[in-house]
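Read the structure below first, then the notes.
Owing to the predicted nature of the structure, the values given are computational and were not obtained by experimental measurement. A note on names: the letters A, B, ... follow the listed sequences, proteins ahead of strands, and every chain is numbered from 1.
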Number of protein chains: 2
Amino acid sequence: MDWPLLIESQPLLKHVPNELRHVTQCRNMTKGDTIFRIGDSVRNLFCVVKGEVQLIRHDIRGTKIVLQRSRSGFFAEASLGGTAYHCDALAAETGVLLFFPIAAFRTALDQNAAFRNVWIEQLAREVRKLRAQCERLNLNGAADRIIHYIESEGINDAVTLKQPRKAWASELGLSHESLYRTLKRLSDQGTLSIDGNKISLVS
Amino acid sequence: MDWPLLIESQPLLKHVPNELRHVTQCRNMTKGDTIFRIGDSVRNLFCVVKGEVQLIRHDIRGTKIVLQRSRSGFFAEASLGGTAYHCDALAAETGVLLFFPIAAFRTALDQNAAFRNVWIEQLAREVRKLRAQCERLNLNGAADRIIHYIESEGINDAVTLKQPRKAWASELGLSHESLYRTLKRLSDQGTLSIDGNKISLVS
DNA sequence: CGTACTTTTGAATCGCATCAAATCTGGTGG
DNA sequence: CCACCAGATTTGATGCGATTCAAAAGTACG
């Protein structure tokens, strides 16, 4: 996979300085692969280009707990500040992963102010997005979640979906059936206007 | 309110360099106060010490959308990178707020590597926490959410709550009644052991 | 001692998840 | 180009579990 292509998947990659880029590896992962294990010392920072990675922990009873599900972008960013991982990372779906050597990444952040600022902004944006998502998931009705999504992620009370609705449903914490039905209802009652992947609120 | 006291509420405050600390203001807010409005130019970065702030947006129909509810710590961190706010901020509950002049904050991040690293780590921790919370809110059952919380936020399969259960319920996206009932059920069936505010998983 | 808030339990209701099944879609290979 | 397949979309029927409304008991604090 070549770098210009990667950039499309993650705007931040455009700002990675050359020194860091040159030591970054792009590897394929196969469903079931172990990326790292709890206790492993931190050697890389990762970025999902394609596929899905899950951060997992197991409780006393052996139950698997998913701490995070990542389908695009960086995960376990907090490992930048630590020395060992606090959970397991597994490939949940075959795909492609970027490996940033951790020392080189830290050096780049220290010495390159522009890259550092982009990194900080990226983290802040992620925080904003996640806080809005939590707020949304705390809403009871399916309709409320849909409207909240359009309001918080959309532009001018409209969103253009870049993923199938099934995936959107899971982001909203709804079954896809519920999402389809509620969209239809809102559309019928004139609250929403739906045109393919463009969904907008009607006053 | 004096600074040593503030530090308890937010570990990051300990690392604020003196130059920044000296220009930081601590102000009271009263329920209903406007902190900033959408479109206002960014002059301060805020930190909630006490009370509650809500970030709000309004849709075409005039409905109020809560983007974020903050009861402790920084909010709207992304304003560091921008020039104008993208939503309104209101005091939802009387309390205390820290005002960090934005230019001084940026300067501190640029020139003080230690402070900067703490800021980055703080953001990364927040991301980790929020991702886990989203994952948790996507779980269906009340029991699953409780167990996930203990697993992801606790130590050695146990948590010690620092807030009333009612507040915990809202963090879990449950009604408090549901939380009480489910805790009782899990306790009765031997899955959980509950001792005041200490709640632990039993193998 | 009283007030405000949390904790606790009960009963009724409603919405969403789930299971099932049909249709539609894009992409593959023959 | 068409047959075919995997996945997405859509609609229906059912049951469970969480919310909601109500009310009582416990607790902290001035």
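Below 30°, between 30° and 60°, or above 60°: for B:F46 and B:F99 the angle between ring planes is above 60°, a perpendicular geometry. In this structure, B:H176 and B:Y180 have perpendicular ring planes: the angle between them is above 60°, well past the 30° mark.
Atom CZ of B:R21 is surrounded by more than 12 heavy atoms from other residues, nucleotides or ligands within 6.0 Å. Heavy atoms of other residues, nucleotides or ligands lying less than 6.0 angstrom from CZ of B:R43 number 12 at most. At most 12 non-hydrogen atoms from other residues, nucleotides or ligands lie less than 6.0 angstrom from CG of B:N156.
The nearest whole Å value for the distance from the CZ atom in B:R185 to the C1' atom in C:dT9 is 15 Å. To the nearest angstrom, P of D:dA18 lies 15 Å from CG of A:N138. In this structure, the CG atom of A:L139 is 13 Å from the P atom of D:dT19, given to the nearest Å. If you measure from atom NZ of B:K166 to atom C1' of D:dA25, you get 15 Å, rounded to the nearest angstrom. In this structure, A:R145 atom CZ and D:dT19 atom P are separated by 10 Å, rounded to whole Å. We find that CZ of A:R165 is positioned 6 Å from P of D:dT9, with the value rounded to whole Å. Rounding to whole angstrom units, CD of residue B:Q163 and P of C:dC5 are separated by 17 Å. With rounding to whole Å, A:D188 atom CG is found 13 Å from D:dT10 atom C1'.
When the local axes at the two ends of the helix from C:dC1-D:dG30 to C:dG30-D:dC1 are compared, using 5 base pairs at each end, they differ in direction by 60° after rounding to 10°.
With A:L130 as reference, B:R131 is the one residue of B:Q133, B:R131, B:E126 to meet the side-chain contact (heavy atoms from CB on, under 4.5 Å) rule.
Within residues 171-183 of chain A, the residues that place at least one heavy atom under 4.0 Å from DNA chain D are, in residue-number order, A:H176, A:E177, A:Y180, A:R181.
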Let me see the working for B:V96 and B:C26 under side chain to side chain contact (heavy atoms under 4.5 Å, CB included), right down to the final yes or no. CA-CA 7 Å; B:V96 180; B:C26 189; 3.5 Å; yes

Do B:E171 and B:K129 pass the salt bridge (charged side-chain N to carboxylate O under 4.0 Å, His left out) test, and can you show the C-alpha distance, the side-chain angles, and the key distance before you say yes or no? CA-CA 12 Å; B:E171 192 179 339; B:K129 193 172 169 179; 5.4 Å; no

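Mapping A:A143 and B:K184 onto DNA chain C via the closest heavy atom, the residue that lands nearer the 5' end is B:K184.
For the OP1/OP2 pair of C:dT18 and a distance below 4.0 Å, the side-chain nitrogens and oxygens of B:N140 include at least one atom meeting the criterion.
Ion pairing between a basic and an acidic side chain is recognised when a charged N comes within 4.0 Å of a carboxylate O; B:R136 and B:E151 show no such pairing.
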